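In what follows, chains carry the letters A, B, and so on, assigned in the order in which the sequence lines appear, proteins first and then strands, with residues in each chain numbered from 1. None of these values were measured; they are calculated from a predicted model.
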Amino acid sequence: MALAFYNTRSRRKEVFEPLRPGKVSMYVCGVTVYDRCHVGHARSLIFFDVVARYLRWRGFDLCFVRNITDIDDKIIKRAAECGESWDGLAQRYIDEMHRDVAALGCLAPDVEPRATENIPEMLDLIARLEARGMAYAVGGGDVYFSVPDFKPYGALSGRDLDDLMAGARVEVDERKRSPMDFALWKGAKAGEPSWDSPWGPGRPGWHLECSAMSSKYLGEPFDIHGGGEDLVFPHHENELAQSCGAGAEQFVRYWLHHAFVRIDKEKMSKSLGNVFAIADVLEEVEAEGLRLNLLSTHYRSPLDFSPEGIAESTKAMLRVYEALARADEAGCEDPSYDHSSHEVAELVEAMDDDFNSAKAVAVAFEALRELNRSLDAGDLKGASVSLGVIKAAGACLGLFQAEPAAFLDSYKSKGAGRSGVDEAEIERAIAARSEARKNKDFAEADRIRDELAARGIYLEDGPGGTTWKLEP
RNA sequence: GGCGGCGUGCCCAAGUGGUUAAGGGAGAGGUCUGCAAAACCUCCAUUCAGCGGUUCGAAUCCGCUCGCCGCCUCCA
């Protein structure tokens, strides 16, 4: 079997064959740093993190590039509103984004280029387009891409240029030759940050940076270009037009787009005002619960974000760690299966089929039941196989990587802190109850347990003594 | 208006032509336990929005209807 996934350009699943055998180049559109990242960004970060982890686990040598748009209109506007320098604001949100990425358990990309650090490559691209008659300057430093001069325009998003023109809004900019033309370079107005160029001081258009940076770091063509589905048009269509207009034969081999996160069936977006910042959400819920929740739905289906959904996933995630801790305690060894082991064939099949993380999660949970069953039966060998499957699935999905006992302890402490529970007091109550149980004073023992339960603290009497946990 | 997607049990969600329709959460019964909890076992959709059609056979393909959503403007 081979890895296959949905290519936006062909609108069907295609077997993945990298340009160079064994090597994969992937470029993902990162964030524009004018605000904090929200759960929608989290889906993108986590999904492509899984793609990266899986490709590597599958044996590919991957170069993963994710850009940062650190100059654009929204950054300038926001900085003015905040009375802050544009680059100071950008850096602040870059730092926040990096914290979010780490908190979500995502690996850093191999290269994280910033628009402002790659201006020469962008100017070079404009010059090449101008030389081929695909770009025109209109004065004032503005340079546009001439869409009608790029015949295959619309091929990626399945749009017809005539339909687009017919549906286009009346353009205020009379200097554009066609309403579909878009800015490659924006001349600077007074007080705006700018870079020198042959067309005058200005800043790059949004689409331009991705064309320039992807080619710079990955070559032309490269294998995978990813992003949210709203980027298909116009962003990626325009990138394609720029790069091919400047002479690239193919630019990108596979286009990979994920669906949105929704709130009450509507797209989560700034304009609708229904965004949840990642940092705020992680104040309330365990990051790995959120991660499991986002991976429980296939990436091309919309996902409804809800506290209930996160809570369900968190419970499920804790069940896994409970079992992993049990396995550790039993002295169970992780066989560390690689992708060629027949034990993980189901997992590989799931992930090979269009990165079906939901199916991969199911494989992990089936192995989880098997693991507990083996542990119940004292079958360490069987347990080890199941443990290996869970860990392999976790390696692909970026889940279940923490040291189980420590993870559960820390989860408990965080929860206790949030609900103002005093751990030492609980330990004292447990000691008192154990004493009562030893004296067969079950009425007193049950009274103590009920009292704790009323506060959301649940006790478990095991062979090694009594432990407690919080209501998830 | 143009283009595209979705509708699977109480909830979330895989499955896109062929054995018993994954998995998670919730619920019910059981084993274990002083009693519980956890874990495990069993049960929980003759049915996949509705109606037609193609087929030996469809949740899966085609058509229509209803409902929901996205892109076409910055957007993950």
With a 4.0 Å cut-off on heavy atoms, is [X] in touch with a base, just the backbone sugar-phosphate, or nothing at all?
| X | value |
| --- | --- |
| A/His235 | nothing |
| A/Asn372 | sugar-phosphate |
| A/Leu231 | sugar-phosphate |
| A/His298 | sugar-phosphate |
| A/Phe442 | base |
| A/Gly309 | nothing |
| A/Arg433 | base |

Could you list the donor-acceptor pairs under 3.5 angstrom formed between side-chain atoms of residues 300-307 of chain A and any protein atom two or more places apart in sequence or on another chain?
| from | atom 1 | to | atom 2 | distance (Å) |
| --- | --- | --- | --- | --- |
| A/Arg300 | NE | A/Asp354 | OD2 | 3.0 |
| A/Arg300 | NH2 | A/Asp354 | OD2 | 2.6 |
| A/Asp304 | OD1 | A/Lys265 | N | 3.0 |
| A/Asp304 | OD2 | A/Arg262 | NH2 | 3.0 |
| A/Ser306 | OG | A/Gly309 | N | 3.0 |

Any Lys/Arg nitrogen of A/Asp376 or A/Arg326 sitting under 4.0 Å from an Asp/Glu carboxylate oxygen of the other?
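Yes, this pair counts.
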
Between A/Asp95 and A/Arg99 (salt bridge meaning N to carboxylate O under 4.0 Å), is one present in this structure?
no

When the [atom1] atoms of [N] and [M] are considered, how many whole Å apart are they?
| N | M | atom1 | answer |
| --- | --- | --- | --- |
| B/U55 | B/U47 | P | 24 Å |
| B/C48 | B/A59 | C1' | 4 Å |
| B/A58 | B/U19 | P | 11 Å |
| B/A22 | B/A14 | C1' | 6 Å |
| B/C10 | B/U54 | C1' | 35 Å |
| B/U42 | B/G5 | C1' | 39 Å |

OP1 or OP2 of B/G15 versus the side-chain N and O atoms of A/Asn356: is any pair under 4.0 Å?
yes

Do the side-chain N or O atoms of A/Lys265 get closer than 4.0 angstrom to the phosphate oxygens (OP1, OP2) of B/G67?
no

If you assign each of A/Tyr6 and A/Glu266 to its closest nucleotide in RNA chain B, which residue comes earlier from the 5' end?
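Upstream on the strand: A/Tyr6.
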
Residues A/Tyr27, A/Phe64; criterion ring pair (Phe, Tyr, Trp, His ring centres under 6.0 Å); working and verdict
CA-CA 6 Å; A/Tyr27 183 94; A/Phe64 174 22; 9.3 Å; no

How does each nucleotide of nucleotides 18-24 of chain B score, in 5' to 3' order, for protein heavy atoms under 4.0 Å: base (B), sugar-phosphate only (S), or none (-)?
----BSB

Nucleotide nearest [X] when distance is taken to its side chain, options [options]:
| X | options | value |
| --- | --- | --- |
| A/Arg449 | B/C72, B/A14, B/C35 | B/C35 |
| A/Lys469 | B/A38, B/C69, B/C72 | B/A38 |
| A/Glu229 | B/A76, B/G34, B/G70 | B/G70 |
| A/Arg373 | B/A76, B/C40, B/G34 | B/C40 |
| A/Asp376 | B/C40, B/G34, B/C71 | B/C40 |
| A/Pro234 | B/C72, B/A76, B/C35 | B/C72 |

Validation row, ring centre A/Phe233 to ring centre A/His236 under 6.0 Å
no

Using ring centroids (six-membered ring only for Trp), state whether A/Phe182 and A/Tyr144 fall under 6.0 Å.
no

For A/Asp223, side-chain hydrogen bond (donor to acceptor under 3.5 Å, both in side chains) partners two or more places apart
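For A/Asp223, the residues satisfying side-chain hydrogen bond (donor to acceptor under 3.5 Å, both in side chains) (neighbours in sequence not counted) are A/Ser25, A/Arg253.
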
Output all residues satisfying side-chain hydrogen bond (donor to acceptor under 3.5 Å, both in side chains) with A/Glu343, sequence neighbours left out; order by chain, then residue number.
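With neighbours one apart ignored, the set is empty.
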
To the nearest Å, how far apart are [X] [atom1] and [N] [atom2]?
| X | N | atom1 | atom2 | answer |
| --- | --- | --- | --- | --- |
| A/Leu397 | B/A14 | CG | C1' | 14 Å |
| A/Phe233 | B/G2 | CZ | C1' | 12 Å |
| A/Met317 | B/G25 | CE | P | 12 Å |

Filter on ring pair (Phe, Tyr, Trp, His ring centres under 6.0 Å), then keep only pairs touching residues 372-406 of chain A, sequence neighbours left out; what's left?
none

A/Phe260 six-ring face occupied by A/Lys267 cation (under 6.0 Å, within 45°)
yes

Measure from NZ or CZ of A/Lys13 to the centre of the six-membered ring of A/Tyr6 and say whether it is under 6.0 Å with the direction within 45° of the ring axis.
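No - A/Lys13 does not lie over the ring of A/Tyr6 by the 6.0 Å and 45° rule.
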
When only distance counts, do a donor and an acceptor, one from the side chain of A/Arg43 and one from the base of B/A76, lie under 3.5 Å apart?
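It does not, because no donor-acceptor pair links the side chain of A/Arg43 to the base of B/A76 below 3.5 Å.
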
Between the base of B/C11 and the side chain of A/Asp304, is one N or O donor paired with an acceptor at under 3.5 angstrom?
no

Under the 3.5 Å Watson-Crick or G-U criterion, the dot-bracket string of RNA chain B, with | for inter-strand pairs
((((((((.[[[..)..(....]]].(((((.......))))).....[[[[[..)....]]]]])))))))....

